Number of protein chains: 2
Amino acid sequence: MRRSEIRDHLLDTALRLFNQHGYHATGIDLIIAEARVAKTTLYRHFETKEDLILAALERRDEEDRNAMRAFVEQHTSDPVERLLATFDFLETALSDKQFRGCIFVSAAGEHKDGANPVFRAALMHKRLVLAYFEELAHAARFAGPKRIATEINLLHEGAMAVAQMSRIAEPARQAKRMAGQLLAAEERSSSVRGEDAGRRTHAS
Amino acid sequence: MRRSEIRDHLLDTALRLFNQHGYHATGIDLIIAEARVAKTTLYRHFETKEDLILAALERRDEEDRNAMRAFVEQHTSDPVERLLATFDFLETALSDKQFRGCIFVSAAGEHKDGANPVFRAALMHKRLVLAYFEELAHAARFAGPKRIATEINLLHEGAMAVAQMSRIAEPARQAKRMAGQLLAAEERSSSVRGEDAGRRTHAS
DNA sequence: TTTATTCGATACAGATCGGTATCGTTTGGA
DNA sequence: TCCAAACGATACCGATCTGTATCGAATAAA
């Protein structure tokens, strides 16, 4: 394995174990055993365990948001449908047998101090996701895109929290139905091509 | 302190520290230091740390659900308003400066194995809360009380998850507005006193 | 007042934690 | 081909973890 491959492999392994057991419960010794790497090697790539956690979260942050963007954009071009398509993407995540809750929520839950770097990294991810929802809400010409985005976000968080314990993907579908109903009642400025404002959108 | 007082005091202290630092990050030594109790005393009341966690969760489970019931029932007698009043109760919880996320979600997040007793205790709490929502939805004569209850539940979970990171209580108010809007569109069987079915409920 | 129980204090056991030091081997680039 | 860097393996460090053992003092009921 080349140097960059080892680093990636370590991040993959760490993320998998963090998701499976949590952050405190996952020891360095377990990570290197699963990754089949010497302890010295790990500490040559990451100064501390916290650095490893931060690197893992940053990687997943970019991966997740890129994957959601790609999924949504190739799924539909209608701006309102794109907001709803985020729940389809969410459903694929919750459908994973290995899903054990949002790793960023768990990270924040195990590092509750607001000044903790891990907490701040998790918070940053949530802000970026919210910004994407806002971008979609803006493109859909909703009257209050910020509020719409926070509503979509709240539904996402709710679905993930419920699925964390029930271990089923249904909450994603339910959240999508709720979002569809809420969005249908929202005012939108008419588009340049004379689309109806506030028309009822169908939830796929 | 009498024996029962010590036990209660230990549970109080443990719950406070679990909420502040998490479960793994809170050591037995810290708990006994904060509770000003000898280690032998703690282990005379609880066999293991896991037993302490379970006892703490069970206590909070009953406390929380009783408090919500009491809050809701004395707040209004209208069944639909009672469903919405659960969000007012939630707001009081999120307004606490010490709120760092739902302790049951955190417990499940740190004990992710579905067979783990701590996970199961957290799951049980969530089921009982959901059952209460279902009870309220049934009393409000909604056509699909089970679905209504899971929707209310999803909004609660979403508000708590968002508030865990943003550290503000606004998500509770937003969730209430969303719930009010969703419930207003739901069909209800007319009550015996000839109340309007499906009338619009105002969100306080 | 006696007696059994519970308490606090402390020392300690054994395991595990994150992290370092050492050293021989492998490997990739100049 | 040579050399520096990165590798694996392993022993080790001090700290911390959960949990136990010991023992004298406090306490409460009979």
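Naming convention: chains lettered A, B, ... in sequence-line order (proteins, then strands); numbering from 1 in each chain. Everything numeric in this text was worked out from a predicted model, so none of it was measured.
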side-chain hydrogen bond (donor to acceptor under 3.5 Å, both in side chains) involving A:His138 - partner list, sequence neighbours excluded: none
Record whether the side chain of B:Lys49 comes under 3.5 Å of the base of D:dG19 through a donor-acceptor pair of N or O atoms. no
Expected list for residues 22-30 of chain A: side-chain donor-acceptor pairs under 3.5 angstrom, two or more places apart:
unit_1: A:Tyr23; atom_1: OH; unit_2: A:Ile103; atom_2: O; d: 2.8
unit_1: A:His24; atom_1: ND1; unit_2: A:Glu110; atom_2: OE1; d: 2.6
unit_1: A:Thr26; atom_1: OG1; unit_2: A:Leu17; atom_2: O; d: 3.2
unit_1: A:Thr26; atom_1: OG1; unit_2: A:Gly22; atom_2: O; d: 2.6
unit_1: A:Asp29; atom_1: OD1; unit_2: A:Lys39; atom_2: NZ; d: 3.0

Contact check, residues 40-48 of chain B vs DNA chain C, heavy-atom distance under 4.0 Å, returns B:Thr40, B:Thr41, B:Arg44, B:His45
Spacing of B:Lys39 atom NZ relative to C:dA11 atom P, expressed in whole Å: 13 Å
Using whole Å, report how far CZ of A:Arg7 lies from C1' of D:dC7. 17 Å
Say whether A:Ser106 and B:Lys112, considering side chains only, have a donor N or O and an acceptor N or O under 3.5 Å apart. yes
Strictly below 4.0 Å, N to O, side chains only: are A:Glu151 and B:Arg173 in salt-bridge contact? no
Distance check needed: C:dA9 P versus B:Ile32 CD1, whole Å only. 10 Å
Using 4.0 Å as the upper bound for N to carboxylate O, is an ion pair formed by A:Glu34 and A:Arg16? yes
Figure out the CG/P separation between A:Asp29 and D:dA9, and round it to whole Å. 14 Å
Those residues that, when tested against B:Thr150, pass side-chain hydrogen bond (donor to acceptor under 3.5 Å, both in side chains) (two or more places apart): A:Gln174
By a strict heavy-atom criterion of less than 4.0 Å, which residues belonging to residues 17-28 of chain A are in contact with DNA chain D? none
Any salt bridge linking B:Glu62 with B:Arg69? Criterion: basic side-chain nitrogen under 4.0 Å from a carboxylate oxygen. no
Residues which pass side-chain hydrogen bond (donor to acceptor under 3.5 Å, both in side chains) with B:Arg120, listed by chain and number, not counting sequence neighbours: none
Between CD1 of B:Ile6 and C1' of C:dT6 the distance, given in whole Å, is 8 Å
Nearest-Å distance, CG (B:Leu30) to C1' (D:dA15)? 16 Å
Roughly, in whole Å, what's the span from CD in A:Glu50 to C1' in C:dG19? 14 Å
Euclidean distance, atom CZ of residue A:Arg36 to atom P of D:dA6 [Å, nearest integer]: 24 Å
Could B:Arg82 and B:Glu73 be called an ion pair, given the rule that one side-chain N must be under 4.0 Å from one carboxylate O? no
